[in-house]
Amino acid sequence: MKKMAVALLGDYFTSWMGGANLLGSVLDALLRAAPAQNASVHLLMRHTNLPTSVQDGVTDFLPLRREQLNAGGPLKCLLDAAPQLEHVLFYRDLPATAQVLGLDVIGPTGENLGADFPLPWAAYIPDFQHQHLPHFFTQRERFGRDQQFRALVENSWGVFVNSGAVLADIQRFYGAAANRQRLYRFPQIFSDVAAGWQDGQATRDRLGITTPYVISCSQRWLHKQHELIITAFAEHLQAHPASPLRLVFTGERGDYRKADYAQQIERLIDHFQLRGRIHDLGLIDRHDQLQLIAGAQALVQASLFEGGPGASGVLEAALLGVPVLSSDIEVNRELTFGALQFFDRHRASSLAALLATLPLTAVERDPPYEADHIDHLHAGGGLQLLASLRSLAAAGRRPA
């Protein structure tokens, strides 16, 4: 098989935690599959991510080992999800770097590299939340996203998405341009959940978490509906005052679209007098998060919108055999394994009813796959993705 060199661009995906986790998992799958496909896989980021004192020394690109980066935030999340990645390449000039590395294809990326970029490149479109929930966006943001996504469809050699719902939206909103484009859906990408198989008592003790509890792993974006989860939890405790259940949140606390949203959530917690029953841990290490998910009675995901199934810890919980209480949006129903129960995304009482059904003692888990089977499936997803990228690179031209 002919050798192939692939590069993924990290800047777009590291602009939010969910994107970083997705790209890290995709990168990990590609790296696992690369030897069987005679492929090399690189992660590239702009040199402007480096300290100012280092930037001037970058000509084409500068490779840095992961232990040299002292990464935090989304980049750390990406690296944690891709433990096999050894280096990150920081570039100044992308075409020059691509030539030096002998790249055959770039992407999927959310950056518009343009119709005249000298290499085949694949685009990534995350979702069309701005079309379905326009009240969460300004008119400028909606217009900007539409322009960006249309440019990705028109200029790239192929477009990747993470769900059937997004595929349908591309065809709905971009019509003829979508019909001419090569559209790919990511294969099911599995996360490394090994830390979740380990005893998590020491982690819970360190973080001050006592059982039983449910957990929600989402940044405080408006569409993640933290207020609905808190209201449902309060209703559960009002109906079952002897319940020992606690609620744990993880994830970043800010949403640029509503500066006071975090404070609004805090006021709601105080309104229901739940300060002693709710633990908001903020952004934590992936190892700790997996152990907390594994020790929970259930994971709760109340999102109004997602671009792919398995977001906000749902995939990890499903793989660990932890029950998932999920909002009833269609994309959540695309996950084909796991113990998922769905509630009306607009009604806190619907979630409260599911909370009342949870056992409050430790239960034996029944994961859908054994650990080694997950590794095989994860590598299999990488093989499918590399095969798609190879066919795209061999296509010879952009879609007409």
Side-chain angles (χ1 to χ4, degrees), residues 6 8-9 11-13 15-16 18-19 22-23 26 105-189 221-223 257 303-311 327-336 345 381 384-400:
V6 177
L8 303 183
L9 306 184
D11 290 87
Y12 171 78
F13 291 94
S15 63
W16 84 105
L22 172 63
L23 186 64
V26 167
V105 62
I106 289 177
T109 175
E111 301 177 47
N112 175 27
L113 302 185
D116 297 325
F117 192 77
L119 282 178
W121 66 277
Y124 170 71
I125 293 179
D127 61 53
F128 287 83
Q129 184 184 154
H130 67 292
Q131 291 280 3
H132 294 276
L133 300 176
H135 54 287
F136 285 158
F137 299 83
T138 66
Q139 184 175 1
R140 180 186 294 273
E141 286 174 322
R142 295 194 299 271
F143 181 72
R145 282 170 66 97
D146 277 333
Q147 276 195 317
Q148 173 74 1
F149 294 169
R150 178 172 288 279
L152 292 175
V153 171
E154 293 179 346
N155 293 337
S156 68
W157 289 52
V159 178
F160 283 79
V161 300
N162 202 25
S163 69
V166 179
L167 272 179
D169 277 347
I170 289 177
Q171 293 164 334
R172 173 186 176 188
F173 294 123
Y174 299 132
N179 291 336
R180 292 192 299 270
Q181 183 55 274
R182 305 178 184 98
L183 300 177
Y184 303 87
R185 179 176 174 176
F186 278 134
Q188 180 63 63
I189 300 296
W221 296 110
L222 294 171
H223 66 283
R257 295 172 295 187
S303 185
L304 286 170
F305 202 87
E306 294 294 341
S327 67
D328 59 353
I329 58 176
E330 286 303 314
V331 75
N332 281 344
R333 298 179 184 273
E334 292 188 29
L335 193 66
T336 58
R345 61 189 177 275
Q384 292 178 58
L385 184 50
L386 280 173
S388 296
L389 291 170
R390 187 180 289 276
S391 69
L392 188 148
R397 61 181 177 85
R398 293 188 306 109

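- Residues passing the side-chain contact (heavy atoms from CB on, under 4.5 Å) test with Q147, sequence neighbours excluded: F143.
- Sorted by first and then second residue, the side-chain hydrogen bond (donor to acceptor under 3.5 Å, both in side chains) pairs with a member in residues 157-179 read H132-D169; sequence neighbours excluded.
- In terms of heavy-atom proximity, L22 sits nearest to Y124 at CD2-OH, 3.3 Å.
- No donor-acceptor distance shorter than 3.5 angstrom exists from the side chain of Q129 to the backbone of F137, with no hydrogens or angles considered.
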Take F160 and V166, measure what side chain to side chain contact (heavy atoms under 4.5 Å, CB included) needs, and give me the verdict at the end. CA-CA 10 Å; F160 283 79; V166 179; over 6 Å; no
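- A search for side chain to side chain donor-acceptor pair (under 3.5 Å) contacts involving R145 returns D127, H130, not counting sequence neighbours.
- For A311, the side-chain contact (heavy atoms from CB on, under 4.5 Å) partners two or more places apart in sequence, or in a different chain, are Q301, E306.
- Using bins of under 30°, 30° to 60° and over 60° for the plane-to-plane angle, the ring pair Y12/W16 lands in the perpendicular bin.
- The side-chain contact (heavy atoms from CB on, under 4.5 Å) check on S391 picks up Y184, with sequence neighbours excluded.
- The nearest pair of heavy atoms linking P187 to G381 is CG-O, 3.2 Å.
- Closest approach of L392 and P120 over heavy atoms only: CD2-CB, 3.9 Å.
- From E141, atom CD reaches atom CD of Q148 across 13.5 Å, with rounding to the nearest 0.5 Å.
- Annotation: salt bridge (Lys or Arg N to Asp or Glu O under 4.0 Å) contacts involving residues 153-163, sequence neighbours excluded, comprise R150-E154.
- The side chain to side chain donor-acceptor pair (under 3.5 Å) test applied to Q384 returns no partner, not counting sequence neighbours.
- Of all the heavy atoms in Q181 and P399, the pair that sits closest is OE1-CG, 3.0 Å.
- In this structure, CG in L389 is found 13.5 Å from CH2 in W121, a value given to the nearest 0.5 Å.
- Residues R182 and S388 have side chains not in contact (no heavy-atom distance under 4.5 Å, counting atoms from C-beta outward).
- With sequence neighbours left out, D328 forms a salt bridge (charged side-chain N to carboxylate O under 4.0 Å, His left out) with R345.
- Listed by first and then second residue, the side-chain hydrogen bond (donor to acceptor under 3.5 Å, both in side chains) pairs involving residues 108-120 are R46-E111, N112-N155 (not counting sequence neighbours).
- With sequence neighbours left out, A387 forms a side-chain contact (heavy atoms from CB on, under 4.5 Å) with no residue at all.
- A heavy-atom distance below 4.5 Å is found between the side chains of V331 and P309.
- Closest heavy-atom contact between I189 and V26: CG2-N, 4.0 Å.
- The ring of F173 has its center no closer than 6.0 angstrom to the ring center of F149.
- Between L183 and V161 the shortest side-chain heavy-atom distance does not fall below 4.5 Å.
- The backbone N or O of G164 sits less than 3.5 Å from a side-chain atom of E334, completing a donor-acceptor pair.
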Stepwise side chain to side chain contact (heavy atoms under 4.5 Å, CB included) check, R390 with V105: CA-CA 8 Å; R390 187 180 289 276; V105 62; over 6 Å; no
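- Here the closest non-hydrogen pair linking S327 and S303 is OG-O, 2.6 Å.
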Step by step, would you call L8 with F13 a side chain to side chain contact (heavy atoms under 4.5 Å, CB included)? CA-CA 10 Å; L8 303 183; F13 291 94; over 6 Å; no
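- In this structure, Q188 has no side chain to side chain donor-acceptor pair (under 3.5 Å) partners at least two apart in sequence or on a different chain.
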